[in-house]
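What follows is a set of notes on a single structure, which appears directly below.
What's counted below: heavy atoms across the whole structure, side chains too, no hydrogens, waters or symmetry copies. What you see is a predicted model; the values in this text were computed from it and never measured.
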Amino acid sequence: MSESEVLIVGGGTVGLSAAVFLAHHGVRVHLVESAAGPQLHPRATGVGMRTVELLREVGLDRAVNEAAVDMAASTLGKISTETLAAAALPALPVQPAGVGPATQPAFTPAALRGTCPQNRLDAVLLSAARERGARVEYGTELLSFEQDAQGVTARLGDGRTIRSQYLVAADGVRSQVRSALGIASSGPGNLGEVMTNTLFRADLRELTGPHGFVACQITHPQAPGMLVTIDGAKEWVLHTGPDHRPTPDFIRTALGAPDLDVEILSSLPWRVRALVADRFADGRVFLVGDAAHAIPPLGAFGMNTGIADAHNLAWKLAFVLRGQAGPALLDSYAAERRPVAQLAMEQSVLRLADPSLHWERGPQGAEARAKVGAVNAPIVHLGYRYSSAAVIEASPELPSTEDVSLALDGSAGSRMPHAWVADGVSTLDLIASRFTLFTAEGGAGADWIVAAERLGLAAHGVDLPQLPPGGALLVRPDGFVGWRAARGQAQQLPAALAALLSVSTPG
């Protein structure tokens, strides 16, 4: 019988992310995936800003940026046309959309030069997981598992038995682990008919010219569908409805290029689903990603929500395994992540009914979203707040559903505000996957710095407008504010830290 601290079931993007984050915290990880190898057919392409922040934390942001499709020259976002040729893209003026001082959002250090298809992201994650010591096995099926007070025993298809202290289920929307636990899901369920996702190779550079786009709605009556950028040149995905099964001729019609050389690489059936598991944990077993929630694709919330699940869970498992936190800390995983998944699911469903809620910018978009209870996409990606025992006096109400900068105000339960504190160094970088105290620079924060040093906590004096006057922000390893402390509360720091870790107050 082999042993690991955490067994991950499922080697998709979220499972690999979990392996990276856990290994980053020094946890011994074993991942098993029933497929013979990594998924080569990308099902998602949009990597959100919060995900890039998490990749930055573990030193992978540059590698993912290099793997991303370079859209710095020009991107049109989402467009609609009868055929791609009819859009006459080469004749359109170029409007650079690269990341720079004028375009880099003020609320995040994250920057990505374009979309990053899931297969490219997975390649980076797989290499990183193994480099950090995680054991990743493909062609390895989980047959069954049992848990007891000390751990989980899993039986594999090749006859091996693995003993671990915890099991993380990242085995997809039809999760075998979730089913075995008898965990039901709630929500609208299946939405619409079965679609087809067709990956094909064709050189479209003569049709696109210097322009890039995230998605192109094709409205041709004989070949309707959604064309999605994969590499921006020769690899593409076409999503079609139940009445159309793409062939090379169908794709040529959609593109408006009857003589184009088209090679279909693979086709996958898929269906829009909107469901959230009723429970995200059962004893020593935790659900992440699609095993915990099925989120419609519009908004790019699904994969990114799953990666954030893995990040939230990883530091908590690591602290409990090292004896630095009490087991009750793990209860905060479901308490924090399930409401976030519920928000993402609901917001995606609203966008399905009216895609302009996602794509529309400016006052008109804000007004339309307000009318139906939709929130701006950055709020869904990183402006949400946690309310759990791992947050002291949480402030769950958002001051804005449109301006994420207002939502990131240093309130307890919100993501720590970003500010550049040195050349290329963000306040988020100073956290470095550990509990960190932020207070004012100079004498105003002296008491806080001393209190933190006594506990062995990292502490930084920064010029940050979101800091409480004379107070401090105690930030968790995942970058969320665990305690917003007022002036004169420095002596309460040990008790606050103990409360966040679900342990007894130091004597």
Fill in: Donor + acceptor pair across side chains of Arg337, Tyr386 (<3.5 Å)
yes
Item to complete: Compare all side-chain heavy atoms of Leu398 with those of Leu406 and state whether any distance is below 4.5 angstrom.
Response: no
Worksheet item: Got a sec: does the CZ of Arg322 have more than 12 other heavy atoms crowding it under 6.0 Å?
Response: yes
Worksheet item: Are a donor atom and an acceptor atom from the side chains of His30 and Glu137 found within less than 3.5 Å of each other?
Response: yes
Worksheet item: Any Lys/Arg nitrogen of Asp409 or Arg385 sitting under 4.0 Å from an Asp/Glu carboxylate oxygen of the other?
Response: yes
Worksheet, complete the sentence: Closest non-hydrogen atoms of Ala485 and Trp448, given as atom of the first, atom of the second and distance, are CB-CH2, 3.3 Å
Worksheet item: Going by the angle between their ring planes, with limits at 30° and 60°, are Phe280 and Tyr333 parallel, tilted or perpendicular?
Response: tilted
Discussion item. Could you tell me if the side chain of Leu321 sits less than 4.5 Å from the side chain of Tyr166, heavy atoms only?
Written reply: yes
Worksheet entry | Minimum-distance pair of heavy atoms, taken over all atoms of Leu156 and Thr140 | CD1-CG2, 3.7 Å
Worksheet entry | Test item: Ile431 and Phe438 side chains (from C-beta on) under 4.5 Å apart, heavy atoms | yes
Worksheet entry | Beyond-backbone contact of Gln118 with Met303, side-chain heavy atoms, under 4.5 angstrom | yes
Fill in: Sequence neighbours excluded - salt bridge (Lys or Arg N to Asp or Glu O under 4.0 Å) pairs with any residue from residues 427-454
Arg56-Asp429
Worksheet item: Do Trp483 and Gln489 come close enough that some side-chain heavy atom pair is under 4.5 Å?
Response: yes
Worksheet item: Does any donor atom in the side chain of His293 or Thr305 lie under 3.5 Å from an acceptor atom in the other side chain?
Response: no
Would you give me the side-chain donor-acceptor pairs under 3.5 Å for residues 43-50, sequence neighbours excluded?
{"from": "Arg50", "atom 1": "NH1", "to": "Glu53", "atom 2": "OE1", "distance (Å)": "2.7"}
{"from": "Arg50", "atom 1": "NH2", "to": "Asp478", "atom 2": "O", "distance (Å)": "2.7"}

Worksheet item: Closest approach of Ala407 and Ser400, non-hydrogen atoms and distance?
Response: CB-O, 4.4 Å
Practice prompt. Using a strict cut-off of less than 4.0 Å between a Lys/Arg side-chain nitrogen and an Asp/Glu carboxylate oxygen, indicate whether Asp148 and Arg163 qualify as a salt bridge.
Written response: yes
Item to complete: Identify the two heavy atoms, one from Gly471 and one from Thr439, that lie closest to each other, and give their separation to 0.1 Å.
Response: O-OG1, 2.9 Å
Worksheet item: Considering only heavy atoms from C-beta outward, does the side chain of Asp282 approach that of Gln147 to under 4.5 Å?
Response: yes
Worksheet item: Is there side-chain contact between Asp171 and Leu142, with heavy atoms separated by less than 4.5 Å?
Response: no
Worksheet entry | Closest contact, heavy atoms only, Ile449 versus Gly461 | CD1-N, 4.3 Å
Fill in: Shortest non-hydrogen contact between Glu66 and Arg113, atoms and distance
O-NH2, 2.8 Å
Discussion item. Any non-hydrogen side-chain atom of Arg338 less than 4.5 Å from a side-chain atom of Asp278?
Written reply: yes
Worksheet item: Who are the side-chain hydrogen bond (donor to acceptor under 3.5 Å, both in side chains) partners of Ser414, not counting sequence neighbours?
Response: none
